[in-house]
Amino acid sequence: MTTPFPFTAVVGQDDLRLALLLNAVSPAVGGVLVRGEKGTAKSTAVRALSALLPQVDVVPGCRFSCDPGSPDPACPDGPHEPGSGTARPARMVELPVGASEDRLVGALDIERALAEGVKAFEPGLLADAHRGILYVDEVNLLHDHLVDLLLDAAAMGASYVEREGVSVRHAARFLLVGTMNPEEGELRPQLLDRFGLTVEVAASREPDQRVEVVRRRLAHDDDPAAFAARWAEEEAAVRQRIVAARELLPSVRLGDGALRQIAATCAAFEVDGMRADIVMARTATALAAWAGRTDVLAEDVRQAALLALPHRRRRNPFDAPGLDEDKLDETLQEFAGPEEDDPDPDPDGGPGGGGGQPAPDDGAPQDGGSAAQPEAGDSGEPQPSGAGAGEQSAVRASEPFRTKVLSVPGLGEGASGRRSRARTEHGRTIGARRPRGALTKLHLAATVQAAAPHQRARGRSGPGLVVRRDDLRQAAREGREGNLVLFVVDASGSMAARQRMSAVKGAVLSLLLDAYQRRDKVGLVTFRGRDAQVALPPTSSVDAAAARLESLPTGGRTPLAAGLLKAHEVLRVERLRDPARRALVVVVTDGRATGKGAARNASGPGGGRATGGTEPVALAGRAARLFAAEGVASVVVDCESGPVRLGLAGQLASELGGTAVTLDELRADSIAGLVRDAQGTSRRAA
C-alpha cells in the first residue's frame, strides 16, 4: 500500500485546503469543485484529506456501511439491530471517467440471477462511498447522465435503483469532491450549482514557494514513509481539530444579522434560487466551528461568499467565474448588524483561513480569471505576412441569440452527447443483438429467451438457467451523440466592416453556446491575408473558442480555398484520433475569394496543385468538392450584404453539398432541417 502525501505538507493552495477541511467538518456544505490548471496538487490534496477524517463505526458485514448507532431501516442488507459495531478508516472512493452507470449505482447480480435463479443486488461506488469521500478526477469529462445520478444522490443522501426487476434504495451520504481543468471543457451551469463550494487553483509564481514544492515532492518520492513521519504531528493536530470542530458545530449560533448579510449578498450578486443562501449559511457556520467560536461573524460570511458564490453568479457560460470583492465588502458593510465590532472584514478570511496549516506559506494570489483566456501573444491568430496595412483590430461580438437544433443526419456511433441521433451505451433500449466483441450491456429478457429452448438438451436439473456464450444478447440502445462542430470563419477585408463583423461574431458565438450546451467538440479555422490558420484545434473547451473568436482581427485578401483545405486537413487528422465522432462544418463567409494567396495555398490532400492563373473562386469550388465527396454535413452562413449581391456563398454551399443560410435565417429556421437538406443533396449528387 502506497503512503499518500501528507495534507499538511501541501504548499500554498490555501483556499483549496480550507474548502476541503470545511466539508470534513460539515459534510452538509455539499462538496467541493476544484478548478485549475494541470499540475497544481488538486488530486494530491484530495487524496491526502482521507487520512485526516475520523474513523467510522459500521455494522459488521453490511455492504452499505450502516451506522450501528442508527442503522438505515431500509438498508438492503438489513434490518440491523442497534448495537456496537466495528471501526474502520473513512474510505475515499474514486469514480473513473469511463465508469458505467451500473458501476456507479449498482445493478442486478447477473451471475447469481442466471446460475441460482435469484434476484440479488450488486452495490456500486455510491454504496462504497457512503460516510466517506467520493472523488471524481476530471469531473467535466464525465458523461452527463452519470453526473446527474451522482449529484442527485449527493443532494438526497440516498441512491435509488430501479432496473432489470430490481428496486433498491440505500443511503449514500458522502463528501463529493470533483477536480477539473477548464481548458478541457466546462460543466453545465446547473451542475456547477450542485457543488457546495468551488475554488480556483493555480501554480504559484513565487520562486521560493515553487522551490519548496519541488523539495517536498522529491523528498516524498525518495522515502514516502520517512516523509510522512516528519509530518505526523501536524497531521494529528489537524485531525483532532476536525473532531473538535464537529463536536462544536451544533452549538454554533447563526444570528439574524449574519443571516441578513448572507441574504443581501446573494441578492446583490443575483444568484439563482436559494441554494446559495443555504450553502453560505452552512459554510459560515462551519468556519466559525473551525475557528473554535460559537458565533458566526462577518468575516465568516465574507469567506463563505468567496467560496460559495463565484460559480453561481455566472450569467453566461463564457463569463469568467469570480466575485467583485469591493462589491462584497460594500454589501456586508451596508447590512452589518449593531453587534458587529469589526465592520471591515479581514481580507484573508479571518481565523481558520489557510486550511489550518501549522505554518502558513507565502503564496501568490489565486487567479480568479478563466483558464480559457489566452495568454499575451497567444491569441491563436498570428499576424499574416500578407495582411497589409488595411488590417483592423478585433471588434466585439454582438449579443448572442438562441439557435435551433443543429444536428448531423443519420445514426452515428460517437461519444455520448446531446446533439445527433446515435447508437450509444446509454439511452432508450430499442432491441437486442448478438454482441460484437465484449458484452457491455446485457439484454436479460432476450438472453433468457435465447437460452430457454435448449434447457432440456443441456441437462438442466436445478433452478438456475444453463446459459452458453451464444445465448448472450447485447442491449441495442439509441441516444444522442456529441459532434465536432468545425467553424471556418472568413476574417478578410471584405468582412471587415465593424457592424458586419460584430454580427458575424455574434452568430458564431450563438452557435458556440449551443455547442456548449450539447457537449460537442469545437474547432476554429480562420483565413485572411495569404493564409489560413487553425485558431483552435478541436477541443471540448468552447470557452477557449469564444476567447479566440473575440480576439480575431480582420483585414487583407480572402484565401477561401486555403481555409477550406485547412479545415479538410483538420477533419482528416481528427478522424484518425476519433473516428466515431461525426463532423459538421460551418463556413462563415461572403464567398468572395480573392488574391493570389489562394492559388499558392490550394495544394493539399486531394486538392491537386494550383497554378498562378487559376481563379480563386474556382479553387475554392475544387476544395469544397472534397467535403461533398466524403459526405461531410455542412452549412454556409452567407454574410454578403449591400445592394449588389453576387450569390457566391450559395454557389459555395452547392459545391460543398450543403445549404446556404443568411444571418437572419440562422435565427429563425431550423438548422437541423437545413443540414438534412444539405446531406440529401449530397447523396443525390453522388
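Because only heavy atoms are used, hydrogens play no part in the values below, and waters and symmetry mates are left out as well, while side chains stay in. Note that the structure is a prediction, hence the values are computed from the model and not measured.
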inquiry  = Tell me every residue that passes side chain to side chain contact (heavy atoms under 4.5 Å, CB included) with Glu574, counting only those two or more places apart in sequence or in another chain.
reply    = Leu484, Lys521, Pro538, Arg577, Asp578
Check whether any side-chain N or O of [X] sits under 3.5 Å from a backbone N or O of [Y] as a donor-acceptor pair, and report yes or no.
| X | Y | value |
| --- | --- | --- |
| Thr558 | Leu560 | no |
| Arg581 | Pro579 | no |
| Ser510 | Gly506 | yes |
| Arg548 | Ala535 | yes |
| Ser551 | Ala547 | yes |
| Thr40 | Val201 | no |
| Asp520 | Val522 | no |
| Lys327 | Ala268 | yes |
| Asp324 | Asp326 | yes |

inquiry  = Can you give me the closest heavy-atom contact between Leu146 and Leu104, atom names plus distance?
reply    = O-CD2, 3.7 Å
key: Residue pair Ser492 / Arg557: nearest heavy atoms and the distance that separates them   = CB-O, 2.9 Å
How long is the gap from [atom1] on [X] to [atom2] on [Y], to the nearest 0.5 Å?
| X | Y | atom1 | atom2 | answer |
| --- | --- | --- | --- | --- |
| Leu576 | Leu571 | CG | CG | 11.0 Å |
| Phe487 | Leu524 | CZ | CG | 8.0 Å |
| Leu328 | Phe269 | CG | CZ | 5.0 Å |

Within-4.5 Å side-chain heavy-atom neighbours: Arg275 and Arg312 = yes
query = Do Glu569 and Arg572 meet the salt-bridge criterion of a basic N to acidic O distance under 4.0 Å?
reply = yes
ask   = Are Glu630 and Arg575 within salt-bridge range, i.e. N to O under 4.0 Å?
value = yes
ask   = Run the ring pair (Phe, Tyr, Trp, His ring centres under 6.0 Å) check on Phe195 and His311 step by step: do they pass?
value = CA-CA 9 Å; Phe195 282 92; His311 61 303; 7.9 Å; no
Distance-only polar pair, side chains of Thr662 and Asp638, donor-acceptor under 3.5 Å = no
query = Who passes side-chain hydrogen bond (donor to acceptor under 3.5 Å, both in side chains) against Glu138, sequence neighbours left out?
reply = none
